[in-house]
Each structure stands twice: as C-alpha cells, then as structure tokens.
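Here's the structure we're looking at; comments come further down.
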Amino acid sequence: MSKDLSVPPEIPKEDGRPKWDNKFQYILSCIGFAVGLGNVWRFPYLCQIHGGGAFLIPYFIALLFEGIPLLHLELALGQCLRKGSIGAWNTISPYLGGVGIGSWMVSVLVSLYYNTVLTWVMWYFTNSFQEPLPWSVCPLNENRTGLNEECYKSTAVNYFWYRKTLNITPDVTETGTLQWWLILCLATCWAIVYLCTIRGIETTGKAIYVTAIFPYLVLTIFLIHGLTLPGATDGLAYLFTPNLNTLKNPRVWLDAATQIFFSLSLAFGGLIAFSSYNPPKNDCEKDAVTVAIVNSVTSLYASIPVFSVLGFKATTGYWDCLDRNIINVINEFDLPEESIMRQNYTAWISYLNSSHPEKIAGLKLKSCDLQEFLDQSVSGTGLAFIIFTQAIILMPGSQAWAILFFVMLFSLGLSSMFGNIEGVFTPLLELRIISKSIPKELLSGIICLISFLITLCFTLGSGSYWIDIFDSYAGSVPLLVIAFFEVIGVAYVYKMKRFSKDVKWMTGRKPNLYWQITWRFISPLLLLIVFVAFVTLQIQKPASYAAWNPKYVCSQIFSKLLIKARLVYFSPLPHPLKSLSSTAYLHNAYSVRTTSVTGALMNT
Amino acid sequence: MMSFHEISDVLLCNVTDRVSFWFVVTDSSQNMTTVPGSVVEAAIRMNRNRINSAFLLSDKTLQFLKITSTLSPPVEPSTPVWLIVFGVVLCLIVAGIVFLVVAGIQQRKKKNKESTERENLEEKGEVTVTVENGIPCEALDLKAGHINGVFAADDERFTSL
C-alpha cells in the first residue's frame, strides 16, 4: 500500500507553469523543432554522395542506437523534472549544472546565427515578386555595352547571391560595411520571432500549427510538380541507386551519426524545455519514437522533390550544352536548320570529326555529359540560394514557385527557431535573477532586441564567413560533448534505476531492455566514437573557409582563421572539392571552396 | 544624303541551306557602285526592329555578323518591388505585436482589478466567496472542471472487480 502512495514530489498542482493547449501542439512543436532546413538541404546531399539508397542503412542504425534513445532521454528528463535545461541539470546533480549551462549557451549562439539564414530567405522571398526574377538576368555594366563583368564571368544566380545579397568581401579579415537591406530583413525576422514567442509557448503553440504543417503542403506541391518535370527520373535514379561499396568508408557512418544527431536537435535544451510544460503523466516514450520517425520520414520525403528538381536542372543544363554545340556546328558547316538534333548529335559529331577534324577542333566544343551535370552536388545555402533558384528560373511560373519555396524554407527555419528560443527563454524564467514582476512580453522583447543588435555583425560584408565559423565551431563539437555528458549523467550519476522508476511512473511501464542497453552502453559509446572521429578528421587538415574573390586567379589560397579566445584551432573535414568547384561555374576567374565542417545550421 | 533604293539594288550571293547569305547594296543612281559597308551597317543598326518584325524574327534568330545589338537595360521600377513587399510584411507584424502586447496589458489589468475586488469584499464580509482548496467555486465552474492527473490515470489504485 505504501508503494502506491509514494509518488515523486512533483504532484501536479496549480503551480502556474504554462501548459500546452493539447498534446498535438506539443508533438507538433517537437516535430517542428526537429524538422528544419537540414532535412531539405543536407540529407538529400548526403544520400547522393554516400551511395544513394545504401546511405539509409547507417542512417537507420544511427537513428535506432543514438537518435531515439537520446530523444527519449531528453523528453523524459524535462517532463519528469518540469524545469528548463539549467534547472533540470542542477536538480540531477550540482556537479552536472555545467551541462545545462552549456546547452543554454549553445542555444543562444545558434539562435543568433540561425536567424541570419532566415534573413537571407526573407530577402529572397521579398525579391520573388518581380518579373523577371532578379537572379535570372545579369545587370548591365556602366556604359551599357555589355553585362556586368563579375556577373558575366560567373552566373547571374551566383552574382545575385554573392554581390546583391551578401555583398561579400574577399576575405574574412576585411569586414566591409553593414548592408542596409540585410539589416531591414534582419529586423523583420527578429520582429516575427518576437511576435511568435512573445508569451512563450502560449503564442508559439498557436504559431506552430502554421509553421509546422505548411512545409509539408509545399513539399507535396513540389513533389507533384517536380515529378512532372523532364529529367526528374534521372535525378531520382541518381539519388536512390544504392552503391553498397560506400559503406566501407568510415566517413559515411560518421556522417550518418552526425546527421541524425543534429537533425533531431538534441542537446540544445529546447526539447527539455518543451517537455517540461507537459503534464507529468504523459507517454514520453511514444512521443520520442513518433518525433524521431516523423523527422526521418520527412527527410526522405523532402529528398524526392529536391532531387526531381535537381535532375530537371541537370537535364536542362545538358540540353543547353548540346544546343549550344549544335548551333556552333550548324553555323560552321552551314547545314540546314534542324539537321542536327539532340538525338543524332553524337552520330553527326563522329561523322564530321572523321571528315573535317580541324574544323571541329577549331570550334572548341564543350563535352556535354549528363552525369557531370548530375554530379554537381551541393548542400546547405548553396543548394537553396544558388542551385534551386537556378532551377526555378527554368520552370514556367517561376515567381509562384520561388515564393512557395522561400515561404517553406522560412517556416522550416522559424519552427526550429521556436525551439531554440524556448531553450533560451525557459531557463531564464526559472533563474531567480529575473524578478517575477517583469512581464513575459518585456523579457522576450529584451532578449529579441539584444539578439538583433548582436546579429547586426552578420550583416557585414564578411558576415557569411562569420556564420560559417559559428556553425562549424559553436554548433557542432559542443553539442556532441553535451550529449555525451547528458547520457552519462543520467545513466550513471542519477542512476538508471531511479530514472527507470521515474519513467515508469510517467508512462506506466518500465523501460524495456532496448532502452536500458542503449542508455547505459551503446549511446555513450557511439557518441564517444563520433566525437573522437570528428576531432581526428578535423585535425588532419589546416583550417580553411570559403571565399568569393572577384580578383581570384587560378591558385589555391588558404587563409588561416584568427584564433579566437574560445575557439579551438580545428581543421575541417576533407570534402569533395571537385563537386563544389563545378557548382561555382568556374570561368577561370572565381572560385568557391567551402569548409567541410558542417554543424547545426547545415544539419538541423 | 537621301538616296532611294529598290529591292533589285540588294544583291545576294552564297546562299546556303542554312539560310545564311552575303549581300551587297548597290546604288542604281550612281551607276551600280556598291554602298560602303559602314553606311549599310549604320542603316541596319537604326532599323533593326523594322527588319526583325518584317521577318517575324528577333535579334537572336536573325543575326547580322559583325553587327552586335545594343542590349536593352532591364526594367527597373521606381521603387524596388521588394521594398513594397517588405513594407507590407513589416506593417502586419508590427500590428500583430501591438495587438498582443495591448491584449496582455488589458488582461493583467483585469486580473489585478478582480483580485483587489475580491479582497475588498472579503474584508467587508458582505459576500462569502466559497472557496475550495484556494480556488473560488465560480472559477471552477467556468473552467469546466480540473482533472487531477494523479488520481484519474492511476488505475492501480482501484481494485478490479
């Protein structure tokens, strides 16, 4: 009898803690937090470069042994202790308070630069209402005799991104000036974040209905449209054709583990904050499994339209290449119009090469290979702002597609921002340094205002380099370390028996063998291996970063990053430079090389 | 110098299957001498549009070698379109923020007023407010009941029949 009465001290009473309106809101918030930009622009890229369908094997193994256990752990923790990250970890053990503070700091840093990406999305969105789209044409030069030189040497899309949007400086040491258009968009983005998080989950709970569901609608529309485009099947076949040989490369397993980890937004403290607003008697085990599976299914679902569109773009590029060659040949040999078509192009070329080899050589025809166009793989901002925008120009009705696409990206990013902001907001509310009389609206307003002022530095000419640095070093390794200590802390400091009892009280059943084994042994071990592998790979190469230099001449330039007080001098992971340089459409003048370390921004 | 030319003054040669040809313009008034190339070039440059529309072609499909077409500048509206869109979005957001803040302030004022009223009434002893566990009964009715999770979901406490 005494066993029934010995409930944990957190009896539900009117403790004034805000609550979710209903369970669906909570699940939707967790899903919105987990499903972010990385599901659209990182997962399909990884699938493509790591052997297509074969990548799903390490991906699902990582999900099973790392993603779901850690997710369940965080949700159960928050629900049981009913506090944000700092309070929760202080409760577990005063020696583990640092884990909470670490989570909080990471949330702060990631919130800062994540909103700048939304700024870029908003800028593109407001520019999508023009006819023609501003990134489809090159502006003229001063005396109107030709196109702007920088634009002509690369492409209109690249020019719009690097010059019109970022106004990027050639070097991170050259700060450049504040770009007023980006400041306006940044202010708008922070205003939107403030509007949605003004009263904590009371307002984000309403906003999440739109921002979490809308991306799925748009993805479906793009899926239907993408499958009707020519060349879509080439793209999809290229994406999903499994190549099991890639599994021998440890890089693939590392990428799968990090992708799962960052994609589920673990160790940010946001999930703990979300579940702390739950009623304590809630089945967190089912929630964790649901959120993880929905996140992975969304990644797969998003990769279909993305790769249909990429296949379409590759096919169109291939056809353009062929058409240019055909025109040149027809002009040179004065053949009748439409004598050479795409289908008989190779036959004609071989015939002409045998009869007039000097003429053909003199034409300097570019070799057109569909595979080469399909190989131009890119992830991250390059995919959204360069590749996809180029593909959208080729579709009829491009304004509508552009608007839809950028609103979708904005919703995806915004719902992840809610989780980040909650991870910052909730612990602050619980710390006694903030007096109770300050209304929540004022506190969230102050946070948003301070963040806006700090993020003004990302609107400088060198701002995107700084975002790369933040993403590579603030949003990657610290999360792994925090997650490792989370699992160790709960399993061995709080003790698994006690935790199992708490979970049993909350869900009504004892966590089964799968949870026990993963929490105690497999997940910590996996995290340790991933961390060591990550660091090892980084140390092997000197640090480098992307540079867009209008005066670049063909020689490799590697600049050393300034060593900052808190950043450690790490090196990026090796990256297939070939695929990246071809996406920059090199014309012997411009080069773009990106750092290979990708952190939370690219993966979340 | 205005001189009129007939169609018969334009001589073609080297016509190919590709529909490309060389042509010269002769001046019948001056004893069949050819008009200098620069004059012809200047004339074509000025009348490019008329020539194109006569053939229902464009600068791209009807090429005159060595005569590059001047590029038309891209259309630029007086106010950049993006500023207009941006203004609309910003106005909506600011309206939303103001609305929420004002609603929050009003709610807080109402709550303060209610609690001071209740305190005054209790002091005067005129109205007994039935209170259960610190929650006034009226509030309970309005909220349509609280479900105490400890007791509701705990099936173990009830012995099965």
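Each chain gets a letter, A, B and so on, in the order the sequences are listed, and its residues count up from 1.
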Q: Would you please indicate yes or no on a ring centroid separation below 6.0 angstrom for A:Trp181 and B:Trp82?
A: no

Q) Going from CD1 on A:Ile192 to CD1 on B:Ile97, what distance comes out if it is rounded to the nearest 0.5 angstrom? A) 9.0 Å

**Q.** Neighbour count >12 (heavy atoms, 6.0 Å) for atom NZ, A:Lys164
**A.** no

Q. Counting heavy atoms not belonging to A:Lys23, are there more than 12 under 6.0 Å from its NZ?
A. yes

Q. Does a sphere of radius 6.0 Å around NZ in A:Lys206 hold more than 12 heavy atoms from other residues, nucleotides or ligands, not counting ones at 6.0 Å or beyond?
A. yes

(Q) Closer than 3.5 angstrom, by distance alone: can the side chain of A:Arg199 be matched with the main-chain N or O of B:Leu100 as a donor-acceptor pair? (A) yes

Q: Please report the shortest heavy-atom distance between B:Gly104 and A:Glu441, naming the atom on each side.
A: CA-OE2, 3.8 Å

Q.
Are more than 12 heavy atoms, taken from residues, nucleotides or ligands other than B:Arg50, located less than 6.0 Å from that residue's CZ atom?
A. no

Q | Spacing of B:Ile93 atom CD1 and A:Trp190 atom CH2 [to the nearest 0.5 Å] | A | 13.5 Å

Q | Atom group of A:Ser128 that falls short of 4.5 Å from chain B, counting heavy atoms | A | neither

(Q) If I measure from the heavy atoms of chain B, does A:Ile198 come under 4.5 Å with its side chain, its backbone, both, or neither? (A) side chain

Q. Which heavy atom in B:Phe86 sits nearest to a heavy atom in A:Thr188, and how many Å separate them?
A. CE1-OG1, 2.6 Å

Q) Is the count of non-hydrogen atoms from other residues, nucleotides or ligands lying under 6.0 Å from B:Phe99 atom CZ greater than 12? A) no

Q) Looking at side-chain heavy atoms only, is the closest gap between B:Leu83 and A:Leu184 below 4.5 Å? A) yes

Q: Would you mind reporting whether B:Val89 and A:Met122 have side-chain heavy atoms less than 4.5 Å apart?
A: yes

